[in-house]
Amino acid sequence: MLTVWGRKTSSNVQALMWCIGEMGLPYKRHDAGHKYGGTDSEAFYALNPNRTVPVLQDDANPPLWETGAILRYLAHRYGSESFWPAELLAKTDVDRWAEWSKLNIAQAFTAPVFWRVVRTPEDKRDAEAIQSAVA
């Protein structure tokens, strides 16, 4: 059973949960970070010394942190060839696009749209800035 620590408003947790959902893997998720706190506890420090979310624990294996590393782990352990090919150059191509999207999606979507819509209370949202970013 997979156990995930991280709040559902985190874009990194959302990427992880999307992967878990695509693979149909059973999981438990615990809210942690931001308004839920908990990342400053000694118990969380034992999971991730960087105190960031998401963190994944897969059965008795050591906890994993850093979204990209977790996604590649899940793809390698549970995914089909379309998630993580066996052939080196095909695998490298998947990895290349994952790295490209991490930066480009963050610049074009995460900060200018996601944070302004998901992380900002409705009464404090700047509709003009959001519309400009979407356009």
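Numbers here are sequence positions counted from 1. None of these values were measured; they are calculated from a predicted model.
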Rounded to the nearest 0.5 Å, how far does CD of Glu66 lie from CD1 of Ile70? 8.0 Å

Atom CD of Glu81 with >12 non-hydrogen neighbours under 6.0 angstrom: yes

Rounded to the nearest 0.5 Å, what's the gap from CG on Asp93 to CD on Glu87? Could you check? 10.0 Å

Between Tyr45 and Trp65, is there shared hydrophobic-cluster membership here, with clusters defined by ILVMFWY side-chain heavy atoms closer than 4.5 Å? no

Residues Glu42 and Arg51: closest non-hydrogen pair is OE2-NH2, 3.9 Å

Enumerate the residue pairs fulfilling side chain to side chain donor-acceptor pair (under 3.5 Å) with a member in residues 23-34, sequence neighbours excluded, ordered by first and then second residue. Arg29-Asp31

So if you build clusters from Ile, Leu, Val, Met, Phe, Trp, Tyr with side-chain heavy-atom gaps below 4.5 Å, do Val134 and Val117 land together? yes

Is there a donor-acceptor pair under 3.5 Å between the side chain of Ser10 and the backbone N or O of Arg7? no

The reported gap from CZ in Arg96 to OG in Ser101 (rounded to nearest 0.5 angstrom) is 12.5 Å

Once you round to the nearest 0.5 Å, how far does CZ of Arg119 lie from CH2 of Trp115? 6.0 Å

With distance as the sole test, does Gln57 use its side chain to make a donor-acceptor pair with the main-chain N or O of Asn61 at under 3.5 Å? yes

Would a 4.5 Å heavy-atom cut-off, applied to side chains only, mark Asn48 and Pro63 as touching? no

Please check if the side chain of Thr9 supplies one atom and the backbone of Val118 the other of a donor-acceptor pair under 3.5 Å. no

Measure the spacing between CH2 of Trp5 and OG1 of Thr39 and express it to the nearest 0.5 Å. 13.5 Å

Can a donor-acceptor pair be found, under 3.5 Å and without considering hydrogens, that links the side chain of Thr92 to the backbone of Leu88? yes

Asn104 CG to Trp97 CH2 distance, which is reported to the nearest 0.5 Å: 9.0 Å

Between Leu56 and Leu74, is a side chain to side chain contact (heavy atoms under 4.5 Å, CB included) present by the stated rule, with each step listed? CA-CA 10 Å; Leu56 174 94; Leu74 291 174; 4.0 Å; yes

Looking at Asp59 and Met1, would you say the former's side chain and the latter's main chain have a donor-acceptor pair under 3.5 Å? yes

Using a strict threshold of under 4.0 Å (side-chain N to carboxylate O), is an ion pair present between Lys102 and Glu99? yes

Pair Arg116 + Asp126, salt bridge at N-O below 4.0 Å: no

Taking it one step at a time, do Met23 and Cys19 satisfy side chain to side chain contact (heavy atoms under 4.5 Å, CB included)? CA-CA 6 Å; Met23 292 183 181; Cys19 178; 3.8 Å; yes

Any donor and acceptor pair, going by atom type alone, linking the side chain of Arg72 with main-chain N or O of Thr67 inside 3.5 Å? no

Would Leu64 and Val55 satisfy side chain to side chain contact (heavy atoms under 4.5 Å, CB included), going step by step from the backbone distance to the final call? CA-CA 6 Å; Leu64 302 172; Val55 173; over 6 Å; no

Closest non-hydrogen atom pair, Pro54 against Asn12: CD-CB, 3.6 Å

Decide whether Trp18 and Phe109 are clustered together by the hydrophobic rule: side chain heavy atoms of Ile, Leu, Val, Met, Phe, Trp, Tyr closer than 4.5 Å, transitively. no

Are Phe114 and Leu71 connected in the hydrophobic side-chain network, where two residues link if heavy atoms are under 4.5 Å apart? no

Hydrophobic clustering (ILVMFWY, side-chain heavy atoms < 4.5 Å, transitive) - are Val113 and Val13 grouped together? no

Kindly write out the residues that satisfy side chain to side chain donor-acceptor pair (under 3.5 Å) with Tyr78, not counting sequence neighbours, or none if the list is empty. Asp58

Side chain to side chain contact (heavy atoms under 4.5 Å, CB included) evaluation trace for Phe83 with His76: CA-CA 8 Å; Phe83 277 95; His76 182 76; over 6 Å; no

